[in-house]
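Below is one structure; the comments refer to it alone.
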Amino acid sequence: MGPLWKMVRKHLSVGQLLGFMLANAAGVSIFLLSVRFHADVVPLLKGNTSVTGEEHVIITKNVNPLKSLGTGRGNTFSQEEIENIAAQDFADAVAGFRSADFSVYAELSISGIGMSTDMFLESVPDEFVDNPEADWNYVPGDASVPVVLPRNYLDLYNFAFAPAQNLPQISEELAKAVEIVLHVRGSRSETFRAHLSGFSNRINTILVPDSFLEYANRAFGSGHEPEPLRLILKTHSAGDAAFAEFMEKHNYRVSDGRDSTSRAAVFLGAAVGMVAAVGLLICFISMFLLVLGTYLVVEKNVYMHSVLFRLGYSPWQSAAPYVAVVSAANLAVAVLALIVVYLVRNFYVDRLGAFFADADLSGFAGLYSVAAIVCVGASALSSVLIYRRIAGIERSLA
Amino acid sequence: MDVIELDGLCPVFFSAADCSGSELWNNSLVFRKGRAYLVEAASGKGKSSFCSFVCGIRHDYTGHVLFDGRDIRTFAQTEWRDMRRSSFGMMFQDLELFPELTVTENLDIKNRLTGYYSFSEMEDLLCRLGLSGKSGQKVSTLSLGERQRVAFIRTLAQPLDFLLMDEPVSHLDVFNAEIMASVVAEEMDKRGCGVIVTSLGHALPLEYDRRIRL
C-alpha cells in the first residue's frame, strides 16, 4: 500500500462507501434482473416466434352457427383460397392440413397398462414441423409410424389430470416409450405399429408424416382427398396491420392465443423496460453520490494534491487511489448484483419451468457481459469525473 | 536545461522603490548549469516570490523567466511535470512534507515517481544527514531542522539540471548545515547541476560562483 493511498484512506468514510454500494447494488440488481427476466419470459410469451421473427400461425375459418349444424367439414379451404393467401406479401409459405380419409382406432400401452380410443390423424408438409426427428418419414413397409403430439396434451396430463387423479407425472422421455397400435378402417383395414417421435408447440393436432397420410389416404380412403379445414402459414409479418385486415376481411381466425400473447409480450416488455429504467436511475444516482463523496475527499486533500503537483505527479497519478476505490466498489456491486439476480432467477425459473416445459432457461452468460458493461461504464464515468476535478485543482494552482 | 535567464523580472505588487538597489529585480541575470548562486536579502524582499516565479507556480510578475531561451509562461503543464521529475528540483521554504507520513514514505512519494534512489542509497543519505533511525518516524514528530533535511533528500531524489533551495538551512545548526553543503557540492560534481540558494543571512555554507543581492 503506497503512501498516497495511506493519505487518501484517512478521509474515506467506510459507512458512506458501504451505503453507496448497497444502493448501487439494489439499482444494478433491478436493472440486471429486468434484462434477464425480459430475455427469459418474452420469448416464451411469443411462443412459436423464432429469433429471426419468423412465425408459424394456424388459420381456420370462423365457425358459422348455421354451418355447425351440418357436417364437420363445412369450413374447408378451397385451392383458390389457399392460393390467394399464398399470394399475399405477408405469406412466406402456406399449406393445408391433410386429414385422414379413414377412421383410426388406437391402442396405447406402457408397462402393461393400456387404453384404447378413437383417434384422428393429420399431417402437414415436413418443412412446417418444428424440430422433426430423424425418423420423421414413412415408407410403406416401415415397422413403425412416427407420431407427434401437441405438448399441451402432455402438460394437460401432467398439470391437470395426473394431480387430480393422483397419478404419476410423465416426462417426455417416458412418454416416448408408449407403445401405440393404430387400427385403420376405411376401404379396407390394416394395423400399424406407431411410436411417439416428439412433441410440438406449433401444431395443435395428432401429427404423422405427410408421406404416411398420403399413402394411407390412397390405400384406405374414399379416393377423394378432403379439402383442408386448417392452414399453416409461415410469415414474418403476423403483427402487421395488413395481416390482421386480411384475416378479418375473409373472416379467418388466426391460431388461438397468438394475438393475446403478442400483446402480453409487448406490455411485459414495456413494464420490464420501466423497471429497468428505474434500476438504471438508482445506479446513476448512487454513482453520482459516490462521485460527490469522492469530491469531498478530494477537497479535504487539496494540500496533498498541490504538493503532488509540484513534485511532478500527473492528475491521473494523483487520482489513482480514488479511481481504485471507485472501481473496486463498482466491481463489488456488480458481483453482489449478479449473486442477487442468480438467486432471484433460480426462484422464478423453478416456477416458469413448470409452465413452459420447453423453455431454455439455462443461459446466464449474457448477463455477465451486461454486468461488465455496467461496471466498466460506471467506473470509467466516475474516473473521468474525479480526474477532471483533480486536474481542475491543479490548474488553479499552476 | 543549461541556462535560466531573468529579463526585467519584478513582482507586480512591487513598486519601483522596492526594486531599487536589487541586482535581481528589473535586471538581466543568467544562471548557468554547474555553478552555484546565492540570492541574499532581508525579510520581505521577495525571495520566496522569486522561487515561486522561477518554478512556475506563480505568475504575478512582469518581465520574463527563460529556460534555455524559452519563456516559461509558454510551458504546458505536461512540460512542467516532466521538468519537475527530471531536471528541475525545488526545495520549498515551507518544506511541503506530509506530516502524517513517515520519513521513508515522504521520500518514497517522490522516489517512486522518478525511481532515482535505491532504498539503501536513501538510507545512506538519511544516515549521513543525521537521521538514522528516523526513517519509520512520522514527520509530524520531527523537529523543524530534521524536517528540513528530509525535504532536502526528497529534492535530490530525481535527475537534476538545476536545484533551487529556498532558505534550506534556516533551522539547521552550523554542523548540520555544513553536512548539507558537502552533499550539495558532491551532487554538483557528480551531476553537473546548477544550484540557486536563497538566504536571509544564515546561508548554506557553499562555495558560490556568485552572490546576488535581492
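All chains are named by letter (A, B, ...) in the order of the sequence lines, taking the proteins before the strands, and each is independently numbered beginning at 1.
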Geometric cation-pi criterion, B:Arg81 with A:Tyr313: 6.0 Å, 45°: no
B:Arg84 and A:Leu311, any side-chain heavy atoms less than 4.5 Å apart: no
Within 6.0 angstrom of A:Phe284 CZ, more than 12 heavy atoms from elsewhere: no
Over 12 foreign heavy atoms within 6.0 Å of CZ, B:Arg73: yes
NZ (B:Lys45) with more than 12 external heavy atoms under 6.0 Å: no
Atom pair CD1 (B:Ile109) and CE (A:Met7), whose distance is rounded to the nearest 0.5 Å: 3.5 Å
More than 12 heavy atoms of other groups within 6.0 Å of A:Arg388 CZ: no
Greater than 12 external heavy atoms within 6.0 Å of B:Lys33's NZ: yes
Under 4.5 Å from any heavy atom of chain A - which part of B:Phe88: neither
Side-chain heavy-atom pair A:Arg395, B:Gln77 within 4.5 angstrom cut-off: yes
Heavy-atom pair count under 4.5 Å with chain A, highest-scoring of B:Glu100, B:Met90, B:Met83, B:Gln158: B:Glu100
Greater than 12 external heavy atoms within 6.0 Å of B:Arg35's CZ: no
Note, B:Phe98 side chain near A:Leu308 side chain (heavy atom, < 4.5 Å): yes
